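Because the structure is predicted, anything quoted here is derived from the model rather than measured.
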Amino acid sequence: MLYGILLVVQVVIAVTLIALVLMQHGKGADAGAAFGSGASATVFGARGSANFLSRSTAILAVIFFVNSLSLAYLAASVPETRSLIEQMQEEARQQRLLDDAIPMDPIPTDPIPGRPGDIPE
């Protein structure tokens with residue numbers, strides 16, 4: 001149960017990290033600010049979005065790594081389970097061992113004596 005919850009959290013954090021990284025300005029964005037596109041940075045405060053987005057990305061990255069380590073620990077502590085195919089192969093192997101251990105009577109190829117329609121010699 002906990003593993004499933006952490007896995008969902010991991011996916012949400014990964015998608016959020018991708019969105020935050022894509023929203024950040026690159027080095028070349030400063031040249032665009034000279035032509036009037038720099039006004040949009042005031043939404044996040046006087047310093048612009050760089051500080052807010054950088055800090056959010058760093059915090060989410062730390063949470064992502066801690067969650068990854070937690071998932072790895074939980075996956076390692078779960079007892080090893082066999083897949084359905086491995087279980088079926090084990091059952092087939094056991095059945096073959098049983099078949100080899102119990103000798104079966106061979107199918108008679110001679111006519112069964114006393115069968116109706118047989119003529120005694």
Side-chain angles (χ1 to χ4, degrees):
M1 171 87 176
L2 178 63
Y3 185 80
I5 292 171
L6 287 179
L7 196 59
V8 170
V9 170
Q10 185 80 351
V11 171
V12 170
I13 291 173
V15 169
T16 307
L17 267 174
I18 291 170
L20 281 175
V21 168
L22 290 177
M23 285 181 4
Q24 292 182 19
H25 290 270
K27 296 275 186 191
D30 294 334
F35 297 106
S37 66
S40 64
T42 60
V43 172
F44 294 105
R47 292 182 164 186
S49 64
N51 197 15
F52 172 75
L53 291 177
S54 299
R55 187 168 295 165
S56 300
T57 303
I59 291 170
L60 275 179
V62 169
I63 294 171
F64 181 84
F65 286 121
V66 169
N67 197 23
S68 296
L69 291 173
S70 302
L71 283 170
Y73 176 77
L74 287 176
S77 65
V78 171
E80 188 173 326
T81 58
R82 297 184 311 174
S83 69
L84 183 60
I85 293 175
E86 290 173 342
Q87 291 174 7
M88 291 175 64
Q89 288 173 343
E90 178 66 24
E91 289 174 10
R93 187 183 67 80
Q94 289 177 356
Q95 187 62 40
R96 278 194 305 266
L97 289 175
L98 284 175
D99 290 344
D100 291 343
I102 303 171
M104 297 183 65
D105 295 334
I107 299 174
T109 55
D110 299 334
I112 300 172
R115 196 169 59 177
D118 285 346
I119 302 172
E121 297 177 11

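Both Leu17 and Met23 belong to a single network of hydrophobic side chains, linked directly or stepwise wherever heavy atoms of I, L, V, M, F, W or Y lie under 4.5 Å apart.
In this structure, CD on Gln89 lies 7.5 Å from OG on Ser83, to the nearest 0.5 angstrom. From Leu97, atom CG reaches atom CD of Gln95 across 9.5 Å, with rounding to the nearest 0.5 Å. Rounding to the nearest 0.5 angstrom, the gap separating the CD1 atom in Ile13 from the CD1 atom in Ile59 is 12.0 Å. Arg55 contributes atom CZ, which lies 13.5 Å from atom CG of Leu60 (distance to the nearest 0.5 angstrom). To the nearest 0.5 angstrom, Thr16 atom OG1 is 10.0 Å from Ile63 atom CD1.
Closest heavy-atom contact between Leu71 and Leu7: CD2-N, 3.9 Å. Contact between Leu6 and Ser70 at its shortest, heavy atoms only, is CD1-CB, 4.0 Å. The heavy-atom pair separating Gln24 from Leu53 by the smallest distance is NE2-O, 3.3 Å.
Heavy-atom contacts from other residues, nucleotides or ligands closer than 6.0 Å to CG of Leu22 number more than 12.
With hydrogens and angles ignored, the 3.5 Å screen pairs a side-chain donor or acceptor of Ser77 with a backbone N or O of Leu74.
Defined by atom type and a distance below 3.5 Å, a donor-acceptor pair is missing between the side-chain atoms of Glu91 and Gln87.
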